[in-house]
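Here's the structure, in structure tokens; my notes come after.
All values derive from a computational prediction rather than experimental measurement.
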Amino acid sequence: MRRLVIFVIMSAILIGVTAWITGLEKIGVFDVFTWGDLAHESLNHLRMVFISVLIATGIGVPLGVLVTRPGFRKMAAPVI
């Protein structure tokens, strides 16, 4: 229960800081992301994550199936 409360409080703080920073026009010499920029970059991030998960799954699942076969069990330790 205590961890949940801490998680909710930390999430609220991070969301609040994000909202506050995106409301500013500049921080020093850097321009601040707008909400549109934040949404665009979030979608880019999700695309990259999706592609990397597809690649990792495409490599990992066949390798996992391969090392369970009797002729390839010696490869299990290095693959894992």
Side-chain angles (χ1 to χ4, degrees):
M1 180 66 179
R2 181 178 175 173
R3 288 184 184 188
L4 178 64
V5 171
I6 291 172
F7 174 75
V8 169
I9 290 171
M10 291 302 294
S11 296
I13 290 170
L14 290 174
I15 291 169
V17 168
T18 301
W20 173 68
I21 288 175
T22 54
L24 300 174
E25 291 182 18
K26 281 188 177 272
I27 296 179
V29 295
F30 300 104
D31 289 330
V32 177
F33 281 120
T34 63
W35 285 107
D37 294 336
L38 195 60
H40 178 72
E41 296 303 326
S42 295
L43 285 175
N44 283 341
H45 175 73
L46 289 175
R47 279 188 210 115
M48 289 187 291
V49 168
F50 181 73
I51 291 169
S52 64
V53 166
L54 282 178
I55 292 170
T57 303
I59 293 170
V61 169
L63 265 179
V65 170
L66 182 68
V67 298
T68 62
R69 302 297 177 228
F72 297 96
R73 290 190 193 254
K74 293 178 184 174
M75 292 175 38
V79 168
I80 291 173

From CG (Leu38) to CG (Leu43), nearest 0.5 Å
10.0 Å
Output side-chain donor-acceptor pairs under 3.5 Å for residues 46-71, partner residues at least two apart or in another chain, one line each.
| from | atom 1 | to | atom 2 | distance (Å) |
| --- | --- | --- | --- | --- |
| Arg47 | NH1 | Asn44 | OD1 | 2.8 |
| Ser52 | OG | Met48 | O | 3.2 |
| Ser52 | OG | Val49 | O | 2.9 |
| Thr57 | OG1 | Val53 | O | 2.8 |
| Thr68 | OG1 | Val65 | O | 2.6 |

ILVMFWY network linking Leu14 to Phe7, side-chain heavy atoms under 4.5 angstrom
no
Distance (rounded to the nearest 0.5 Å) between Arg3 CZ and Ile6 CD1:
8.5 Å
In this structure, CG of Asp37 is separated from CD of Glu41 (nearest 0.5 Å) by 7.0 Å
